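Below is one structure, written out as structure tokens; comments come after it.
From a predicted model like this one, the values you see are computed outputs, not experimental measurements. Both counts, for ligands and for their atoms, begin at 1 and track the order of listing. Scope of the values below: all heavy atoms of this structure, side chains included, with no hydrogens, waters or symmetry mates.
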Amino acid sequence: MSNEWISRWREGRIGFHRQVEHPALVRHWPRLGVEEGAKVLVPLCGKSLDMRWLAAAGHPVLGIELASLAIEQFIAEGGESSRYRQGDFEIWRQGSIELWCGDFFHFHTQQAADLGAFYDRAALIALPEATRQRYAFHLAQLMPPGARGLLISLTRTPGDEAGPPYSVPADEVRALFGPNFEVAHLEDGEPEPNGWRESVWSLVRRGPRAGHGQGPGY
Ligand SMILES: C[S@@+](CC[C@H](N)C(=O)[O-])C[C@H]1O[C@@H](n2cnc3c(N)ncnc32)[C@H](O)[C@@H]1O
């Protein structure tokens with residue numbers, strides 16, 4: 001699957017990319033109660049302009065993206081940047097935005113020490129069912145108790161097995177994140193002509209960290 005994403009970027013098959021920030025981010029983020037200046041993790045970030053919006057709102061941003069082409073395109077559209085390596089990741093920095101090039105599942109808690117929030121638009125729904133389970137657990141491991149996030153998911157009726165994007169119904173969102181996050185449904189978008197419909201969720205990480213054997217969690 002990772003090669004498939006690299007090919008998509010190389011061939012410009014990136015219909016998911018938006019030319020302006022997502023209206024649900026602009027509408028809901030200010031009301032989520034995210035701590036001022038909290039660093040925001042953006043998993044599977046592509047070259048999303050939402051990261052520039054978050055940075056302009058005063059949040060340092062840490063995006064993780066498999067395709068270096070996506071990161072290069074994002075950086076080319078901004079100002080000065082620097083580049084360095086940490087473990088498995090090549091990292092680009094531009095202002096308060098860091099873009100880590102590599103596999104989200106290889107990004108570990110020690111590297112995530114200063115994260116305080118997250119933003120998922122088209123990350124969960126880019127992954128097949130078995131990987132979504134892994135994704136929700138990994139995100140929980142990276143987020144400290146109390147961390148808040150915004151999730152924008154997608155559904156289509158009838159569901160479609162041949163993603164991405166994958167249809168992830170409300171029940172699945174609750175089942176995936178419920179054990180480690182307080183999950184609140186914020187709104188559903190209008191159905192699009194192609195049958196897809198967006199749903200917006202607020203998530204708050206319950207404490208303590210996943211995998212430490214206490215409280216709610218796996
Ligand atoms: C549907 S796109 C969404 C991008 C971005 N969130 C947006 O809203 O435009 C999914 C992105 O995830 C990247 N990706 C897929 N699997 C990944 C992984 N395991 N680790 C990091 N990035 C990944 C792909 O290269 C692609 O750019």
Side-chain angles (χ1 to χ4, degrees), residues 1-29 40-55 59 61-78 86-92 97-109 111-112 115 117-142 149-156 160 162-168 176 189 192 194 196-201 203:
M1 183 38 96
S2 57
N3 285 343
E4 170 61 20
W5 284 110
I6 308 280
S7 310
R8 274 177 170 247
W9 277 100
R10 213 173 27 233
E11 292 157 19
R13 290 186 287 122
I14 53 165
F16 52 81
H17 179 69
R18 297 175 50 89
Q19 300 302 332
V20 291
E21 58 269 4
H22 199 293
L25 171 66
V26 178
R27 195 161 50 246
H28 292 289
W29 188 268
V40 182
L41 173 69
V42 184
L44 286 65
C45 62
K47 56 170 182 173
S48 170
L49 297 176
D50 295 342
M51 295 191 282
R52 296 211 192 277
W53 186 89
L54 286 163
H59 295 286
V61 171
L62 192 160
I64 306 182
E65 169 56 50
L66 208 53
S68 57
L69 196 54
I71 296 183
E72 283 160 13
Q73 290 179 8
F74 181 91
I75 293 288
E77 289 162 11
Q86 190 173 311
D88 286 351
F89 291 88
E90 188 81 30
I91 304 166
W92 280 253
I97 301 176
E98 296 163 40
L99 298 177
W100 291 50
C101 187
D103 188 339
F104 174 61
F105 297 103
H106 294 174
F107 181 79
H108 293 301
T109 15
Q111 297 165 310
L115 292 173
F118 68 93
Y119 173 61
D120 170 335
R121 183 263 166 180
L124 177 72
I125 59 90
L127 302 169
E129 192 174 0
T131 316
R132 293 200 286 274
Q133 184 82 43
R134 221 178 131 205
Y135 171 85
F137 182 60
H138 193 57
L139 188 63
Q141 285 185 304
L142 297 174
L150 191 70
L151 164 70
I152 304 176
S153 59
L154 275 180
T155 50
R156 178 155 68 175
D160 187 359
Y166 296 92
S167 180
V168 183
L176 285 173
E192 290 167 26
N194 57 13
W196 290 100
R197 184 176 200 177
E198 285 182 331
S199 298
V200 186
W201 304 83
L203 278 75

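Ala70 does not count as a contact of ligand 1, since none of its heavy atoms falls under 4.0 Å from the ligand. Under a 4.0 angstrom heavy-atom cut-off, Pro165 registers as lying outside contact with ligand 1.
Taken to the nearest 0.5 Å, the CD atom of Glu129 stands 8.5 Å off from the CG atom of Leu176. Atom CZ of residue Phe107 and atom CG of residue Leu41 lie 6.0 Å apart, to the nearest 0.5 angstrom. For the atom pair CZ of Arg121 and CE of Met51, the computed distance is 11.5 Å after rounding to the nearest 0.5 Å.
Residues Leu154 and Pro165 approach most closely at CD1-CB, 3.8 Å, considering heavy atoms.
Ligand 1 has an N or O atom lying under 3.5 Å from an N or O atom of Phe104, backbone or side chain. At a 3.5 angstrom cut-off on N or O pairs, His17 does not count as close to ligand 1. Residue contacts with ligand 1: Asp103 is placed with a nitrogen or oxygen under 3.5 Å of a nitrogen or oxygen of the ligand (distance criterion only). Between Ala67 and ligand 1, no pair of N/O atoms sits closer than 3.5 Å. Among the atoms of Leu66, some N or O lies under 3.5 angstrom from an N or O of ligand 1.
Taking the charged nitrogens against the carboxylate oxygens, Arg13 and Glu4 do have a contact shorter than 4.0 Å, which makes a salt bridge.
Taking the six-membered ring wherever Trp is involved, the centroid distance between the rings of Phe118 and Trp201 does not fall below 6.0 Å.
Set against the non-hydrogen atoms of Gly102, the atoms of ligand 1 under 4.0 Å away are 20 (N), 21 (C).
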- side chain to side chain contact (heavy atoms under 4.5 Å, CB included) between Val200 and Arg27, worked out: CA-CA 11 Å; Val200 186; Arg27 195 161 50 246; 5.7 Å; no
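When non-hydrogen atoms are compared, ligand 1 lies under 4.0 Å from the backbone of Cys45 (N, CA, C, O) but not from its side chain.
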